[in-house]
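What follows is one structure encoded as structure tokens, with my remarks underneath.
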Amino acid sequence: MTPRTSIIAVLAATIATGAYANGELNLYSSRHYDTDERLYSEFTEATGITINRIEGKADELIARMEAEGANSPVDVFLTVDTVRITRAKDLGLLQSVDSEVLEARIPEYLQDKDNQWFAFSQRARILFYDKTDVANPPQTYQDLANPEYEGKVCIRSSTNVYTQNITAALAAHLGEEAVADWAKAVVGNFARDPQGGDTDQLRGIASGECDIAMSNTYYFARALRKGDSQMSEEDLANIGWVFPNQDSTGAHMNISGGGVAANAPNKENAVKFLEYLASDQAQQYFSAGNDEYPAVPGVGLSPSVAALGIFRPDAIPLSDIADNIDTAVKVLGEAGWE
């Protein structure tokens, strides 16, 4: 099978063999997007496999899997960040997967080093700024520490996994001492105490509370596509963006990923579901339905995502980020990053 072979067609062909007749898949997912319904329905239509889904916050689902132990019914765990998918692995809740399809289609740096989880979509974590107030926007994540941005930066809390991820990535690139100095300086540039989600950081620019913010791209792309109840078209037009570190490491990427549960009762179906998520059809829908970047190279982008422009992503192995999460948490705490 070549990487570009239609996985949907392959899955559909298995129905004739009876291999998946009356099959089912038990899915625990912390993805909270209504648009994912199409992913599930098309998988079922192609394979005949019924998806039994439980949705919740990632930490709650991980705790549930722990409590259920060997009797857990879950086959696949999906979540939206490296921190929590790594936590599930470290707790022994996932198992290694041997799949030629996943190996061929998902880039190595977007896989767990033990093949216990794979990324299926990406969001670039980039810098936004008020074009009417900031003549010299930061061009790197490190620039957020510059004294010229004192009192201008809005950003999420230290307990947020996106904050931990970017800090862990910087620690992997720069070392603990350098990222500790960076974190302390960024705290000194806060326009307000960290609060709210990514959309709230963008709204902070629109309201004039801050001039610079960090957010995942899909929040802004979604606002451009659908509008936002608290930001006018003029507000959005006044927000500029920078893909950071284009002359060095590239823009940091957050992921949505999944793995097969350690005690999956329907392991074969679980692997087929992950392979389906890596198909062109599913990858295109991650972009069109939720304004994300596909994990599979060469898959086309939706107009809302393409409008943000071409950029260099950080290709650091996600396992390296995972290995630096504890350092990130320590550094953020010592910096007084609330």
Side-chain angles (χ1 to χ4, degrees), residues 7-8 10-15 17-102 105-106 111-112 114-121 255-279 281-283 285-286 289-290 292 295:
I7 296 173
I8 294 294
V10 173
L11 290 173
T14 64
I15 297 175
T17 69
Y20 300 110
N22 301 316
E24 64 178 11
L25 173 80
N26 300 315
L27 172 66
Y28 286 4
S29 176
S30 69
R31 283 180 61 91
H32 52 83
Y33 316 112
D34 292 339
T35 51
D36 282 359
E37 292 293 337
R38 180 174 166 183
L39 291 171
Y40 307 139
S41 63
E42 289 183 352
F43 175 75
T44 297
E45 182 179 353
T47 64
I49 298 171
T50 299
I51 297 180
N52 307 311
R53 186 169 81 254
I54 292 178
E55 294 184 347
K57 295 182 179 179
D59 290 340
E60 295 171 352
L61 294 175
I62 289 172
R64 179 173 182 147
M65 293 169 69
E66 280 191 280
E68 291 169 341
N71 295 318
S72 178
V74 63
D75 296 306
V76 171
F77 174 58
L78 288 182
T79 189
V80 292
D81 61 85
T82 307
V83 172
R84 289 182 175 121
I85 195 73
T86 300
R87 185 181 303 161
K89 175 191 174 181
D90 291 345
L91 290 170
L93 301 178
L94 303 177
Q95 62 176 286
S96 297
V97 170
D98 182 13
S99 167
E100 292 183 3
V101 172
L102 293 174
R105 292 184 63 81
I106 304 297
Q111 303 179 26
D112 170 57
D114 299 313
N115 288 353
Q116 291 199 15
W117 53 261
F118 299 82
F120 295 106
S121 65
I255 60 99
S256 178
V260 176
N263 301 294
N266 303 292
K267 179 179 177 180
E268 189 172 0
N269 290 352
V271 173
K272 290 300 179 184
F273 180 67
L274 296 187
E275 292 176 345
Y276 157 74
L277 293 181
S279 69
Q281 185 169 338
Q283 287 288 297
Y285 196 65
F286 278 120
N290 201 44
E292 297 176 87

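Keep in mind it's a predicted model, so treat the numbers as computed, not measured.
- Considering every non-hydrogen atom in both Lys267 and Ser96, the closest pair reads NZ-O, 4.3 Å.
- Under the salt bridge (Lys or Arg N to Asp or Glu O under 4.0 Å) criterion, Arg87 pairs with Asp59, not counting sequence neighbours.
- When atom types are taken as modelled, the side chain of Thr44 and the backbone of Thr50 share no donor-acceptor pair closer than 3.5 angstrom.
- The nearest pair of heavy atoms linking Phe43 to Asn269 is CZ-O, 4.3 Å.
- Listed by chain and number, the residues in a salt bridge (Lys or Arg N to Asp or Glu O under 4.0 Å) with Glu66 amount to none (sequence neighbours excluded).
- Residues passing the salt bridge (Lys or Arg N to Asp or Glu O under 4.0 Å) test with Arg53, sequence neighbours excluded: Glu37, Glu55.
- Heavy atoms only, all atoms of each residue included: Ser99 and Glu275 are closest at OG-OE2, 2.7 Å.
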Could you walk me through whether Leu27 and Phe273 pass the side-chain contact (heavy atoms from CB on, under 4.5 Å) check? CA-CA 10 Å; Leu27 172 66; Phe273 180 67; 4.3 Å; yes
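- Residues satisfying the salt bridge (Lys or Arg N to Asp or Glu O under 4.0 Å) test with Asp90, not counting sequence neighbours, are none.
- Closest approach of Ile106 and Ala295 over heavy atoms only: CD1-CB, 4.3 Å.
- With sequence neighbours left out, Asn263 forms a side chain to side chain contact (heavy atoms under 4.5 Å, CB included) with Ala70.
- Using a 4.5 Å heavy-atom threshold, the side chains of Val260 and Phe77 count as separate.
- The closest side-chain donor-acceptor pair between Arg64 and Tyr28 falls under 3.5 angstrom.
- Considering every non-hydrogen atom in both Ser30 and Ala58, the closest pair reads CB-N, 3.6 Å.
- Ser256 and Thr79 make their closest contact through OG-O, 3.3 Å (heavy atoms, listed as atom of the first residue, atom of the second, distance).
- Salt-bridge check for Glu292 with Arg31: passed, with a basic side-chain N closer than 4.0 Å to an acidic carboxylate O.
- Between Tyr285 and Leu277 there is no side-chain heavy-atom pair separated by less than 4.5 Å.
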Using side-chain hydrogen bond (donor to acceptor under 3.5 Å, both in side chains), reason through Glu24 and Asn52 one step at a time and then give a plain yes or no. CA-CA 7 Å; Glu24 64 178 11; Asn52 307 311; 3.2 Å; yes
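- At least one side-chain heavy atom of Thr82 sits less than 4.5 Å from a side-chain heavy atom of Ile255.
- Judged as a side chain to side chain donor-acceptor pair (under 3.5 Å), and not counting sequence neighbours, Ser29 has no contacts.
- The closest donor-acceptor contact from the side chain of Ser41 to the backbone of Arg38 lies under 3.5 Å.
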Give the C-alpha distance, both sets of side-chain angles, the deciding distance and a yes or no for side-chain contact (heavy atoms from CB on, under 4.5 Å) between Tyr276 and Thr47. CA-CA 10 Å; Tyr276 157 74; Thr47 64; over 6 Å; no
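- Side chain of Asn26 to main chain of Asp75: no donor-acceptor pair is present (N/O by atom type, distance under 3.5 Å, no hydrogens or angles).
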Would you please test Phe120 and Leu102 for side-chain contact (heavy atoms from CB on, under 4.5 Å) and show each step? CA-CA 10 Å; Phe120 295 106; Leu102 293 174; 3.9 Å; yes
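- Using modelled atom types, one finds no donor on one side chain facing an acceptor on the other under 3.5 Å when comparing Gln116 with Gln95.
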